[in-house]
Amino acid sequence: MQKRKQSLPMKDSIFRAVKVALSKCGFPSIDFFIERSQQGKHGHFATNVALVLTKQLKRNPLEIAREITKNFGKIEGIEKIEIAPPGFINFTLSETILQNEIHVIQQLGNEYGKLSTGDGKTCQVEFVSANPTGPLTVGHGRGAALGDTIARIMEWNGYSVEREYYFNNAGKQMRILGTSVYYRYLQQIGKDVEFPDECYQGDYIREIASKIADQNGRKFEDQPENKIFQDTAENKVFETIKISLRRIGIFHDSFFNENELYEKGKIDDALYGLKKSGYLYEKDGAIWFKATEFGAEKDRVIVRSNGEPTYRLPDIAYHIEKINRNYDVIIDVFGADHSATYPDVLAGLQSLNLSTEHIRVAIHQFVTFTRDGQKVKMSTRKAQFVTLDDLVDLVGSDAVRYFFLMRAMNSHLNFDLALATKQSDENPVFYLQYAHARISNIFLHAEAKNVPFNPECNLSHLTHAEELDLIFILSEFPEIIALCKRTLEPQSLCNYLNKLAAAFHKFYTECKVITDNIPLSQARLLLCAATKQVLSNGLTILGISKPERM
RNA sequence: GCGCCCGUAGCUCAGCUGGAUAGAGCGCUUGCCUCCGGAGCAAGAGGUCACAGGUUCGAAUCCUGUCGGGCGUACCA
């Protein structure tokens with residue numbers, strides 16, 4: 001059998017057959033869809049083509065459907081075509097073509113569902129990008145999990161992906177970090193000083209300060225400006241950030257410091273370019289960018305009257321840098337607080353005649369953390385936060401990732417810490433993993449009962465409704481991957497895997513796999529293997545472990 | 001005030017470019033292990049899809065307005 005990576009052949013061939021029938025009927029070519037039927041009694045696939053034509057043809061949709069149906073030739077793999085009110089045409093697949101999908105999955109293995117659209121192409125995903133002023137909080141978790149999973153989706157589709165972390169260690173927040181360490185240092189060496197309110201209150205500052213005190217004694221007592229405070233803090237904090245990310249399976253390929261843009265003159269270059277393009281003007285001693293010409297509600301200051309750029313200028317310079325690196329796709333993963341700023345960045349790039357078509361911005365809404373019905377407010381400064389590490393300690397990496405991924409980016413995710421810290425079996429991620437572990441156990445059982453695994457076995461024994469339903473859902477996986485690639489929404493995959501696990505559990509209760517009927521048992525074993533393969537592929541993309549036992 | 005996002009079962013959320021009887025999990029009620037893992041399966045109760053108009057063969061989905069919540073709207077990032 002020929003290998004295929006794109007497993008949408010049924011949808012495609014139905015689509016083509018409809019097209020052909022349309023022209024045979026002399027009907028105009030219009031937009032219509034082939035979709036998976038939501039209910040079993042409507043077959044496997046359905047098209048709305050007759051309904052869409054109603055208006056133009058001014059005819060009863062059922063009549064149109066009948067005429068189209070009459071003009072279908074033989075469609076390979078379709079066993080039944082039915083017309084249903086108000087005018088849908090429903091297609092039912094043959095058992096043979098369904099059974100064959102298991103062979104396809106078996107042969108493609110962990111390539112099943114991969115699209116080759118990204119082969120030979122590069123993609124950069126920027127995410128997390130929190131300044132190293134303190135440990136990552138649970139608030140950073142959503143962007144972290146999303147960004148990494150989006151990167152995995154792109155990798156799955158063939159892209160060579162670079163994960164980048166953008167940070168700034170020259171700003172005001174970082175200076176406050178240094179000052180905070182200095183004050184804790186003074187306290188550490190026995191000075192009776194009050195710790196300023198505007199400084200970072202967290203215990204990690206104390207640890208860093210006491211390390212400096214241990215190694216240097218009172219040496220820096222009168223040197224609040226000494227770089228040792230900020231630098232030590234930055235290194236230490238970054239170390240912990242990297243460890244936190246690693247715990248949930250996230251590794252960045254590069255850390256890009258905003259400072260580099262200044263040192264290499266990229267900020268000045270960007271400013272010069274913008275000036276030359278004519279989109280800058282001076283007012284009140286500041287330099288403004290004509291964002292309104294790109295649809296913004298007001299113009300933006302990009303260099304303050306004190307000569308210091310606002311964050312928009314380095315952001316633009318950074319994106320020029322990214323564009324110059326020639327990625328085929330650039331993806332920025334931001335929180336909702338950036339939703340107003342990225343249009344300005346894109347506008348800046350466009351004013352420089354740079355193409356922004358390959359830049360995709362994934363904006364996610366914030367997470368509300370509640371505990372016993374009460375909102376948990378977070379602030380790094382006041383140290384009123386739950387760190388990402390705390391969360392991982394409580395519920396584990398798999399659950400943390402799944403919780404952050406299971407909701408649409410656009411929805412305001414509610415993370416109930418009390419619920420998440422409860423018993424793990426309430427967590428939906430275990431439902432998926434349980435299906436995977438259950439299958440592993442079936443294989444052990446098969447071995448014990450001397451039912452040999454046979455990839456070439458006869459699959460025509462799989463005729464039970466639950467078996468065919470399960471196969472049909474398996475065959476949807478490539479479509480889900482294509483959807484995720486298009487929308488950058490890992491959530492669709494979470495939902496799908498949940499549906500797949502449910503179909504498997506149902507099959508499991510209805511159909512005993514290991515029986516005295518060896519040919520049937522072997523066919524069912526192969527179905528189990530295919531299910532395990534798809535679960536495994538999906539969980540890999542989500543960055544969630546695939547336990548053999550639980 | 002203005003812009004973006006959201007409002008669907010008691011709670012947390014799905015619902016793909018408008019389509020067939022609006023779904024799942026948790027919680028509640030009730031069944032299912034002499035049999036491959038019961039972290040499972042099945043059944044039941046629970047809805048004016050925030051509200052009001054509009055568009056059309058057809059609206060949870062698109063448009064307008066109102067109400068409610070989140071985030072922006074800084075010469076903070």
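In the text below, chain A, chain B and the rest are named by the order of the sequence lines, each starting its count at 1. Any value given below was found using the heavy atoms of this structure, including those in side chains, with hydrogens, waters and symmetry copies removed.
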Handout entry: Centroid under 5.5 Å and tilt under 30°, A:His412 to B:G69
Key = no
Exercise for the section: Output yes if the stacking criterion (under 5.5 Å between centres, under 30° between planes) is met for A:Tyr431 over the base of B:A39, else no. Expected result: no
Handout entry: Residue-phosphate contact under 4.0 Å: A:Arg549 side-chain N/O, B:A39 OP1/OP2
Key = no
Practice task
Indicate whether the side chain of A:Gln173 and that of A:Asn131 have a donor and an acceptor atom separated by less than 3.5 Å.
Solution key: no
Handout entry: Proximity to the side chain of A:His42 - top-ranked nucleotide from B:C16, B:A20, B:C13
Key = B:A20
Practice task
Name the closest nucleotide to the A:Gln365 side chain, picking from B:A39, B:G70, B:C16.
Solution key: B:G70
Exercise for the section: May I ask which nucleotide in the shown strands pairs with B:G1, Watson-Crick or G-U wobble, both distances under 3.5 Å? Expected result: B:U73
Practice task
Give a yes or no on whether the ring-centroid distance for A:Phe289 and A:Tyr281 is below 6.0 angstrom.
Solution key: no
Exercise for the section: Would you indicate, yes or no, if B:C16 has its OP1 or OP2 atom less than 4.0 angstrom from a side-chain nitrogen or oxygen of A:Arg36? Expected result: no
Practice task
Look at A:Lys506 and B:A42 and indicate whether a side-chain polar atom (N or O) is within less than 4.0 Å of OP1 or OP2.
Solution key: yes
Problem - Under-3.5 Å donor-acceptor pair between A:Ser305 side chain and B:C75 base - result: yes
Practice task
Would you indicate, yes or no, if B:A74 has its OP1 or OP2 atom less than 4.0 angstrom from a side-chain nitrogen or oxygen of A:Tyr311?
Solution key: no
Problem - Base-pairing mate for B:U12 - Watson-Crick or G-U, with both contacts under 3.5 Å - result: B:A24
Exercise for the section: Could you tell me whether the phosphate oxygens of B:A14, OP1 or OP2, come under 4.0 Å of any side-chain nitrogen or oxygen in A:Gln491? Expected result: yes
Exercise for the section: Go through the steps to decide whether A:Ile153 and A:Ile481 satisfy the test side-chain contact (heavy atoms from CB on, under 4.5 Å), and finish with yes or no. Expected result: CA-CA 8 Å; A:Ile153 289 169; A:Ile481 294 299; 5.7 Å; no
Handout entry: Partner nucleotide of B:G47 by Watson-Crick or wobble geometry (both distances under 3.5 Å)
Key = none
Exercise for the section: Could you tell me how the ring of A:Tyr166 sits relative to the ring of A:Phe256: parallel (under 30°), tilted (30 to 60°) or perpendicular (over 60°)? Expected result: parallel
Problem - Assigned partner base of B:U34, Watson-Crick or wobble definition, under 3.5 Å - result: none
Handout entry: Presence of A:Arg300 side-chain N/O under 4.0 Å of B:A74 phosphate oxygens OP1/OP2
Key = no
